[in-house]
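Just below is one structure, and these are the notes that go with it.
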Amino acid sequence: MKITTQVRREIKAEQKKRVFNAVKHCMGANALVTLPAVLIVFLGIVLYGRIGISHHLQYSSNYSMMQLYQLMQAFKEVLNIYLLMAVLLLVIVSPLQMGLMQFYLALSRQDTASLSMVLRPFTSLRTFFRAIRLQVCMWFRAFLWLFLPVALYMTAMSSFLLKGSFLAENDVQILLVSVFCGLCFLVLRVKIALYRAGYVIASDYQGIGMWFATAIGGQFFRGQFGAMLLFFCSFLPFYALYGVAAAGGLLLMQTTGTVLLLSFVWFVLMVCLDGIIKAYQTTSFFALVNRMQQEENPVLREIDINEQFLQWIQQAVEEADEKDASETDADVTDTENPEQTPDTDADNSKHP
């Protein structure tokens, strides 16, 4: 199926109605995922502040051995904090993220979408570990796409810094490099977002692995990357509105004295607005995936072939087990009921 402008508009209009009909559920589902993530990040910030690594970094030269030791210990504690945050995000947020994607998938298919779906991965160990494996695959694929561009960007900025190029006459060069890298990151962000189709594949095909599901998700819209780029760019005005609202809230908090109350209200509004935008975008994307599944898609043939192969293996194993079981039963029967052979000597003694 070719994704045209008309198809995108039809799908987005349909999903917009569904999202606004269930807007409270969308905001609540997003809050169930956002709040634990924010608390984990806040915990990391608190632990980072207790280390006081900025105090160690203020010594720019002439480090003593004790200062070097304290600095190495501080960096070690920072790495431990990052590791702790990654583990907590993986164990707590990853299952919630899969539950949120299942909620959006049900909403896009006009099925019954309830808030309990977000917590459903915690009810089964198999689903829990599938969610963790899927999130690890998503992170690793994002790392593979972003590692080289980020390294090149950091190298370019470091070269400007070392050469003293942060001057007025070189602002144009820095601006051009930043704009170019920003456009590259936008394209890569769309490419990484396409892997979210793996949530649909993993939900519809329970027998496949998570790495294979994300690989199929990345290839699902093969040959239509331009159309998908336009699809995701069509949501940029909503994220621009989100950014303006966030900046306005921060500016209002700086100009007034009631920071705590305004911070709470601002945070709630941001979570609600983020829930609506994220639900609108994700359900529209999943609706595109559903539409592609209904059409003849060569990418799905690989899944069907793999499932048929797995079914064939499972059937062969079951037949072998049944054969072994039948042979075992036959051996047990022969042992319990040995074959009766005629006693020739007894017959001869009775009949001389």
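This one's a predicted model, so the numbers in the text were calculated from it and none came from an experiment.
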### Query
Honestly curious: do L241 and W266 fall in one hydrophobic cluster under the side-chain, below-4.5 Å linking rule?
no
#### Entry: Any donor-acceptor N/O pair, R109 side chain to F286 backbone, under 3.5 Å
no
### Query
Honestly, is K278 close enough over Y242, meaning NZ or CZ under 6.0 Å from the six-membered ring centre and within 45° of the axis?
no
### Summary
Tightest non-hydrogen contact, residues Q281 and F231, listed as O-CZ, 4.3 Å
### Message
Which heavy atom of S108 sits nearest to which heavy atom of N290, and what is that distance?
### Response
OG-ND2, 3.4 Å
### Query
Is it true that F140 and I208 fall in one hydrophobic cluster, defined by side-chain heavy atoms closer than 4.5 Å?
no
### Query
Minimum heavy-atom separation for A31 to P36, with atom names?
O-CD, 4.1 Å
### Query
Are there more than 12 heavy atoms of other residues, nucleotides or ligands under 6.0 Å from atom CG of L83?
yes
### Task
To the nearest 0.5 Å, tell me how far L188 CG sits from L183 CG.
11.0 Å
### Query
Do the side chain of Q97 and the main chain of Q135 share a donor and acceptor less than 3.5 angstrom apart?
no
#### Entry: Pair listing, side-chain hydrogen bond (donor to acceptor under 3.5 Å, both in side chains) test, anchored in residues 143-153, at least two apart
W145-Y195
### Task
Spell out, as yes or no, whether a donor-acceptor pair under 3.5 Å connects the side chain of Q110 to the backbone of L107.
no
### Query
Hey, does V19 have a side-chain heavy atom less than 4.5 Å from the side chain of Y104?
no
### Message
I'd like to know if F129 and I92 are part of one continuous hydrophobic network [Ile/Leu/Val/Met/Phe/Trp/Tyr, side-chain heavy atoms within less than 4.5 Å].
### Response
yes
#### Entry: T283 side chain to Y280 backbone, donor-acceptor under 3.5 Å
yes
### Query
Would T282 and L100 satisfy side chain to side chain contact (heavy atoms under 4.5 Å, CB included), going step by step from the backbone distance to the final call?
CA-CA 10 Å; T282 308; L100 181 63; over 6 Å; no
### Task
Identify whether L39 and L90 are in the same connected component of the hydrophobic contact network (ILVMFWY, side-chain heavy atoms under 4.5 Å).
no
### Query
Rounded to the nearest 0.5 Å, what separation is found between the CG atom of L105 and the CE atom of M98?
11.0 Å
### Query
Mind checking whether V187 and K191 have side chains closer than 4.5 Å, heavy atoms only?
no
### Task
Please state whether the rings of F235 and F238 are parallel, tilted or perpendicular, taking 30° and 60° as the class boundaries.
tilted
### Query
Got a donor-acceptor contact below 3.5 angstrom from the D274 side chain to the M270 backbone?
no
### Taking every non-hydrogen atom, the tightest pair across S94 and I132
CB-CA, 4.4 Å
### Query
Does a sphere of radius 6.0 Å around CZ in F225 hold more than 12 heavy atoms from other residues, nucleotides or ligands, not counting ones at 6.0 Å or beyond?
yes
### Task
Return the minimal non-hydrogen interatomic distance between F103 and V118, and the atom names on each side.
CB-CG2, 4.5 Å
### Task
Kindly check if the number of other-residue, nucleotide or ligand heavy atoms within 6.0 Å of NZ (K16) is above 12?
no
#### Entry: F122, CZ: over 12 other non-hydrogen atoms inside 6.0 angstrom
yes
### Query
Rounded to the nearest 0.5 Å, how far does OG1 of T4 lie from CZ of R9?
9.5 Å
### Task
Check W139 against A86 and note the closest heavy-atom contact, atom names and distance.
CH2-O, 4.2 Å
### Query
Would a 4.5 Å heavy-atom cut-off, applied to side chains only, mark L43 and M85 as touching?
no
### Task
Please test V38 against V271 for side chain to side chain contact (heavy atoms under 4.5 Å, CB included), starting from the C-alpha separation and ending with a verdict.
CA-CA 11 Å; V38 171; V271 171; over 6 Å; no
### Task
Determine yes or no for a side-chain-to-main-chain donor-acceptor pair under 3.5 angstrom, with R120 supplying the side chain and T127 the backbone.
no
### S203 side chain to Y199 backbone, donor-acceptor under 3.5 Å
no
### Message
R133 vs W211, test: side chain to side chain contact (heavy atoms under 4.5 Å, CB included). Steps then yes/no.
### Response
CA-CA 8 Å; R133 292 198 303 270; W211 181 260; over 6 Å; no
### Task
Please list, chain by chain and in numerical order, all residues satisfying salt bridge (charged side-chain N to carboxylate O under 4.0 Å, His left out) with R8, sequence neighbours excluded.
none
### Task
State whether the side chain of R130 and the backbone N or O of M210 hold a donor-acceptor pair below 3.5 Å, judged by distance alone.
no
#### Entry: Criterion side chain to side chain contact (heavy atoms under 4.5 Å, CB included) on M228 and L288, from CA distance to verdict
CA-CA 10 Å; M228 296 307 299; L288 276 176; 4.0 Å; yes
### Joint hydrophobic cluster, I45 plus I40, side-chain heavy atoms closer than 4.5 Å
yes
### Task
Please confirm whether the backbone N or O of I276 pairs with a side-chain atom of N30, one donor and one acceptor, at under 3.5 Å?
no
### Query
Can you tell me if OH on Y239 sees more than 12 non-hydrogen neighbours from other groups inside 6.0 Å?
yes
### Query
Which value, rounded to the nearest 0.5 Å, describes the distance between M117 atom CE and L32 atom CG?
13.0 Å
### Query
At what distance, to the nearest 0.5 angstrom, does CE of M27 lie from SG of C272?
5.0 Å
### Query
How about F180: does its CZ atom have over 12 heavy atoms from other parts shown lying under 6.0 Å from it?
no
